[in-house]
Amino acid sequence: MSRILRVILHSRPGKNGEPTPENFQVQEGTLKIDLKPGEVLVRTRYLSVDPYMRCRMNEDTGTDYISPWTLSECVEGGGVGVVESSSHDAFSKGDTLNPQLVNGHLSYFLGAVGMPGLTSLMGVREKGHVTAGANQTMVVSGAAGACGSLAGQIGRLDGCRTVVGICGSEQKCKTLVSELGFSSALNYRQGDISAALRESCPDGVDVYFDNVGGPISDTVIAQMNQDGHVILCGQISQYNKDVPYPPPLSQETQEALLRKNITRERFMVLNYMDKHEAGLLQLSQWVNSGQIKVLETIVDGIEKMGEAFCSMMTGGNVGKQVVRISD
Ligand code: NDP
């Protein structure tokens with residue numbers, strides 16, 4: 001028998017409620033290890049907490065591609081581990097994902113060389129219409145988070161002249177400019193962001209990588225140029241509200257999109273599975289060569305999963321929020 005710890009969904013925040021760490025509970029148990037042919041036992045190294053999990057906390061996720069978590073059942077999420085024992089021909093003890101792809105940082109498989117990295121890359125490439133040499137200005141909201149911090153760097157690598165980030169603190173703004181090479185960054189919690197955006201984007205906005213929705217996006221869309229493109233990645237500012245996805249836009253913003261012929265198509269990374277392998281190799285090459293800088297916020301211990309999730313939902317993270325489970 002092995003001792004195990006698992007996180008269960010203890011209670012739901014309610015459709016219009018903010019999640020709290022108390023919605024989760026850590027349970028101790030034992031596991032009889034008796035591998036059947038084809039099974040492997042994996043020791044978890046890192047777990048991911050992601051915004052989509054907020055929908056899974058509701059009784060109804062509001063989408064057809066993810067199901068709600070069941071109360072008192074173990075919650076699911078992405079992770080990275082090492083094979084402890086194996087009854088599968090293709091796996092042996094000690095196997096893990098290829099560390100060379102991530103410069104030895106296995107947690108990057110949950111971020112820059114994983115789902116968030118692919119989201120940023122596919123989003124920019126499939127919906128951004130970025131053209132090198134076209135002097136485009138890109139704005140990224142949620143810019144200091146996992147997807148945003150990568151999307152801005154990819155926009156720059158793909159040829160945008162100006163890349164402006166919007167995020168929730170002065171410190172994050174400094175990091176975006178000094179460490180990640182953003183042209184400038186704005187703190188949406190301070191001052192008049194419309195005026196600050198106009199100053200940062202004197203030629204208007206051509207491409208908008210939208211992670212947050214709500215009033216921030218209304219402000220950006222109001223300053224977009226004719227024939228611009230919104231990459232509709234996520235709308236985190238609306239995730240604690242009982243609204244469908246994507247949430248309805250104000251009439252003014254809808255009119256601005258129509259008048260300026262701006263595209264704003266729904267985007268889902270899972271719709272591009274055939275491009276994921278090549279995408280991961282591209283991300284790995286950028287990370288290993290230092291062309292993309294990776295930011296992470298790591299907390300230790302499965303007991304901290306609920307706290308880490310709630311902290312990420314309220315901006316406590318810089319870059320990808322990860323929970324380290326074991327060394
Ligand atoms: P992040 O690492 O960006 O973490 C979430 C961030 O959102 C926080 O750090 C916080 O930063 C910001 N935030 C929270 N509440 C608000 C608010 N009310 N207004 C503005 N900003 C807010 O998460 P991810 O990178 O994992 O996800 C980013 C977005 O991408 C999410 O909307 C997610 O749903 C979406 N996504 C979409 C995918 C797709 O296939 N379309 C796949 C993966 C993710 P701050 O300090 O700046 O407020």
Side-chain angles (χ1 to χ4, degrees), residues 18-19 47-57 61-63 65-66 77-78 107 110-112 114-128 139-154 164-176 180 182 185-190 193 208-220 230-241 243 245-247 264-273 275-276 279 294-298 308-323:
E18 286 191 13
L47 288 177
S48 181
V49 287
D50 297 272
Y52 76 84
M53 294 176 164
R54 176 63 188 83
C55 312
R56 302 201 69 181
M57 296 179 86
T61 61
T63 60
Y65 71 98
I66 42 174
S107 56
L110 301 177
M115 189 272 282
L118 286 171
T119 302
S120 309
L121 180 62
M122 302 288 121
V124 171
R125 295 259 167 104
E126 300 292 329
K127 303 289 185 193
V139 170
V140 182
S141 58
C147 294
S149 61
L150 299 164
Q153 296 184 79
I154 292 169
V164 177
I166 304 178
C167 60
S169 81
E170 292 300 307
Q171 189 51 47
K172 288 182 180 185
C173 287
K174 278 195 193 123
T175 304
L176 290 181
L180 304 189
F182 279 59
L186 319 176
N187 175 1
Y188 69 84
R189 293 185 204 271
Q190 224 165 55
I193 74 152
Y208 173 38
F209 195 104
D210 186 6
N211 283 311
V212 306
I216 295 173
S217 295
D218 292 336
T219 304
V220 178
V230 177
I231 301 161
L232 179 52
C233 179
Q235 304 276 283
I236 196 168
S237 72
Q238 310 296 305
Y239 290 176
N240 291 328
K241 297 182 186 163
V243 289
Y245 187 87
R264 183 177 177 272
E265 295 161 357
R266 191 150 178 193
F267 165 73
M268 290 239 310
V269 67
L270 296 176
N271 288 345
Y272 300 91
M273 294 290 236
K275 297 185 176 172
H276 283 192
V294 181
L295 302 176
E296 294 184 307
T297 301
I298 300 186
F309 171 74
C310 296
S311 167
M312 179 276 299
M313 289 298 290
T314 50
N317 59 314
V318 184
K320 175 67 193 152
Q321 178 72 60
V322 174
V323 185

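These numbers come from the heavy atoms of this one structure, side chains and all, not from hydrogens, waters or symmetry mates. Numbers here are sequence positions counted from 1. All ligand and atom numbering here is 1-based and tracks the order in the structure.
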Heavy-atom proximity to atom 37 (C) of ligand 1, best of G234, G213, C233: C233
Using side chain to side chain donor-acceptor pair (under 3.5 Å), reason through Y208 and D210 one step at a time and then give a plain yes or no. CA-CA 6 Å; Y208 173 38; D210 186 6; 3.0 Å; yes
State, to 0.1 Å, how close Y245 and G234 come at their nearest heavy-atom pair, and which atoms those are. OH-CA, 3.5 Å
Which of the numbered atoms in ligand 1 are under 4.0 angstrom from any heavy atom belonging to K172? 9 (O), 11 (O), 45 (P), 46 (O)
Nitrogen or oxygen atoms of L270 and ligand 1 under 3.5 Å apart: no
Taking only heavy atoms of C147, which atoms of ligand 1 are found under 4.0 Å from at least one of them? 25 (O), 44 (C)
Can you list the atoms of ligand 1 that are under 4.0 Å from a heavy atom of A146? 1 (P), 2 (O), 3 (O), 25 (O)
Applying a heavy-atom cut-off of 4.0 Å, say which part of R189 lies close to ligand 1: side chain, backbone, both or neither. side chain
Under 4.0 Å from one or more heavy atoms of M312, ligand 1 contributes atoms 4 (O), 5 (C), 6 (C), 8 (C), 9 (O)
Part of T314 with heavy atoms under 4.0 Å of ligand 1, whether side chain, backbone, both or neither: neither
Looking only at distances, can you tell me whether any N or O atom of Y188, backbone or side chain, sits closer than 3.5 Å to an N or O atom of ligand 1? yes
Below 3.5 Å, N or O to N or O, backbone or side chain included: is there any such pair between T119 and ligand 1? no
Within the structure, does P51 bring an N/O atom to less than 3.5 angstrom of an N/O atom in ligand 1? no
Is I236 touching ligand 1 with its side chain, its backbone, both, or neither, if touching means heavy atoms under 4.0 Å apart? both
Mode of M115 contact toward ligand 1 - side chain, backbone, both, neither (heavy atoms, under 4.0 Å): side chain
Take S48 and K320 through the test side chain to side chain donor-acceptor pair (under 3.5 Å) and record every step on the way to the result. CA-CA 8 Å; S48 181; K320 175 67 193 152; 2.8 Å; yes
If we number the atoms of ligand 1 from 1 as shown, the ones under 4.0 Å from a heavy atom of V212 are 20 (C), 21 (N)
Among L118, V140, L121, N211, the one residue meeting side chain to side chain contact (heavy atoms under 4.5 Å, CB included) with C147: N211
Measuring from atom CZ of R189 to atom SG of C167, what distance do you get when rounded to the nearest 0.5 angstrom? 9.5 Å
Side-chain H-bond candidate by donor/acceptor type, N187 with E170, under 3.5 Å: yes
Geometry only, no angles: is Y239 polar-contacting ligand 1 at N/O separations under 3.5 Å? yes
Is V269 close to ligand 1, meaning an N/O of one under 3.5 Å from an N/O of the other? yes
Under 3.5 Å between any N/O of S169 and any N/O of ligand 1: does that happen in this structure? no
Per-residue contact class, Q321 against ligand 1 - non-hydrogen pairs under 4.0 Å: neither
Can you confirm, on distance only, whether ligand 1 has an N/O atom lying under 3.5 Å from any N/O atom belonging to I166? no
